[in-house]
Amino acid sequence: MKKQRLDKFISNQLILSRKIVRTGIQRGRATVNGTVVRDAGAIIDADNDSIVYEGAAIGYKEYVYILMNKPKGILSASNDKSRKTVVDLVPEHIKRQGLFPVGRLDKDTTGLLLITDDGVFAHNCISPKKAISKSYIAGLDGAVNDDMIIGFKEGVVLADGTHCKPATLERISENVARIIITEGKYHQIKRMFGTVGLGVNTLHREAIGGLALPDGLNAGECIEMTKEQLENSILNK
Ligand code: URA
């Protein structure tokens with residue numbers, strides 16, 4: 001049961017200023033269950049009432065879940081004074097207030113990034129207790145050898161003494177490797193490769209748990225998903 005003010009509901013759903021919506025409501029542009037309501041502060045039940053504003057029905061979703069193919073050069077943040085963020089790239093028809101990225105990819109990292117306004121879901125995804133796997137393809141400035149594969153499996157100790165959980169390292173070609181980790185320390189993969197003298201030229205996240213970046217979703221594009229889809233492929237894996 002989601003009871004709230006009519007003007008707040010419409011402005012949040014349509015990302016319109018509260019002032020504009022209030023004026024619109026006072027001019028008779030909103031109906032609740034077919035009746036014009038001119039009181040912007042009227043309390044509505046977003047789960048059960050049918051709200052129409054300027055002729056368009058407004059569906060209520062408590063939270064939204066967005067899968068993005070993060071492009072290079074974009075900040076994993078909700079907003080920034082001068083730089084473009086992943087939330088800036090979310091298409092207007094999905095965008096709403098309160099969106100944030102679930103965990104962070106470095107500015108130069110590409111690939112699968114989730115964006116939501118559901119704090120509990122995000123917490124579950126990144127909680128170390130859940131140990132959800134994250135699979136990356138790394139372009140390196142040198143070759144991966146068997147000792148590195150064994151060392152990553154045993155658990156890398158970073159330069160500052162931080163212990164990483166066991167990770168899977170797989171050679172794909174001479175200078176390209178797949179690495180799967182189950183935690184998300186700051187710059188973790190770059191720092192892990194740093195311990196074996198390898199620099200990371202490119203980093204691309206291909207999957208989180210059983211959720212893979214869909215084929216054909218170009219860099220910068222998003223798709224909206226349901227919580228159930230994500231939970232089934234990520235949290236229940
Ligand atoms: N590890 C990194 O070093 N960078 C990322 O963006 C993600 C994991």
Side-chain angles (χ1 to χ4, degrees), residues 15 61-139 164-165 167-168 176-193 200-237:
I15 320 195
K61 290 179 216 152
E62 190 167 17
Y63 298 115
V64 293
Y65 305 88
I66 298 158
L67 184 163
M68 174 181 282
N69 183 355
K70 179 192 172 296
K72 202 175 169 148
I74 304 289
L75 214 61
S76 288
S78 300
N79 50 57
D80 189 80
K81 276 199 193 106
S82 52
R83 292 167 298 175
K84 216 171 203 182
T85 72
V86 289
V87 170
D88 292 333
L89 299 185
V90 173
E92 288 305 320
H93 71 277
I94 319 179
K95 204 182 258 179
R96 52 155 76 180
Q97 280 155 20
L99 291 177
F100 59 88
V102 178
R104 279 166 198 270
L105 292 178
D106 295 340
K107 196 173 168 202
D108 56 352
T109 301
T110 57
L112 176 44
L113 181 69
L114 298 176
I115 297 171
T116 186
D117 52 353
D118 181 346
V120 174
F121 170 79
H123 173 78
N124 284 333
C125 277
I126 56 181
S127 164
K129 281 189 200 141
K130 304 271 178 192
I132 292 168
S133 65
K134 286 126 196 150
S135 179
Y136 296 83
I137 302 295
C164 296
K165 289 190 181 150
T168 305
V176 180
R178 172 173 289 113
I179 171 163
I180 304 174
I181 58 175
T182 57
E183 47 189 350
K185 301 185 196 301
Y186 182 65
H187 291 331
Q188 180 165 344
I189 290 175
K190 291 172 186 162
R191 290 159 75 207
M192 286 172 77
F193 279 115
V200 176
N201 293 331
T202 57
L203 192 59
H204 176 80
R205 183 154 69 189
E206 56 174 0
I208 302 177
L211 178 72
L213 188 65
D215 284 341
L217 188 70
N218 296 322
E221 289 182 349
C222 295
I223 48 170
E224 193 176 351
M225 304 205 54
T226 64
K227 186 178 185 179
E228 290 69 35
Q229 285 174 319
L230 293 179
E231 283 184 340
N232 287 338
S233 51
I234 297 178
L235 300 179
N236 300 335
K237 286 281 152 185

* Structure fact -> Result for side-chain contact (heavy atoms from CB on, under 4.5 Å) between Ile66 and one of Thr116, Asp117, Val90 points to Val90
* Side-chain contact, heavy-atom cut-off 4.5 Å: Ile137 with Arg178? -> yes
Can you give me every donor-acceptor pair (side chain of residues 125-135, partner residue at least two apart or in another chain, under 3.5 Å) with its distance?
| from | atom 1 | to | atom 2 | distance (Å) |
| --- | --- | --- | --- | --- |
| Ser127 | OG | Lys129 | N | 3.2 |
| Lys134 | NZ | Ile132 | O | 3.3 |
| Ser135 | OG | Glu206 | OE2 | 2.6 |

* To the nearest 0.5 Å, how far apart are CE in Met68 and CD1 in Ile223? -> 11.5 Å
* Shortest non-hydrogen contact from Gly119 to Phe100? -> CA-CZ, 3.9 Å
* **Atom CZ of Arg191 with >12 non-hydrogen neighbours under 6.0 angstrom** => yes
* Asked: So do the side chains of Pro214 and Leu67 get within less than 4.5 Å of each other, counting heavy atoms only?
  -> yes
* With a 4.0 Å cut-off, would you call Glu224 and Lys61 a salt bridge? -> yes
* Heavy-atom distance under 4.5 Å between the side chains of Val102 and Tyr65, does that happen here? -> no
* Asked: Under 4.5 Å between any side-chain heavy atoms of Thr110 and His204, yes or no?
  -> yes
* Reported CG-to-CD1 distance for the pair Leu211 and Ile234, which is rounded to 0.5 angstrom -> 4.5 Å
* Report yes or no: does Arg205 contribute a side-chain atom to a donor-acceptor pair with the main-chain N or O of Leu113 at less than 3.5 Å? => no
* Asked: Between atom CG of Leu99 and atom CD1 of Ile94, what is the distance when rounded to the nearest 0.5 Å?
  -> 9.0 Å
* Ala77 versus Arg104, closest heavy-atom pair with distance -> CB-NH1, 4.2 Å
* Ile180 side, atom CD1; Ile189 side, atom CD1 - distance, nearest 0.5 Å -> 10.0 Å
* Is there a donor-acceptor pair under 3.5 Å between the side chain of Lys70 and the backbone N or O of Asp106? -> yes
* Asked: Taking all non-hydrogen atoms of both residues, which atom of Pro91 and which atom of Cys222 are closest, and how far apart?
  -> CD-SG, 3.8 Å
* Kindly compute the distance separating CD1 (Ile15) from NZ (Lys95), expressed to the nearest 0.5 Å. => 6.5 Å
* Asked: Does Lys190 reach the side chain of Asp108, with side-chain heavy atoms less than 4.5 Å apart?
  -> yes
* **Heavy-atom side-chain contact between Lys84 and Leu89 under 4.5 Å** => yes
* **Flag, side chain of Asp80 to backbone of Thr85, donor-acceptor distance under 3.5 Å** => no
* Asked: Taking all non-hydrogen atoms of both residues, which atom of Leu213 and which atom of Gly111 are closest, and how far apart?
  -> CD2-CA, 4.1 Å
* Taking atom CD1 of Ile208 and atom CG of Leu112, what is their separation to the nearest 0.5 Å? -> 4.0 Å
* Structure fact -> When every non-hydrogen atom of Cys164 is compared with those of Met192, the smallest separation belongs to SG-CG, 4.1 Å
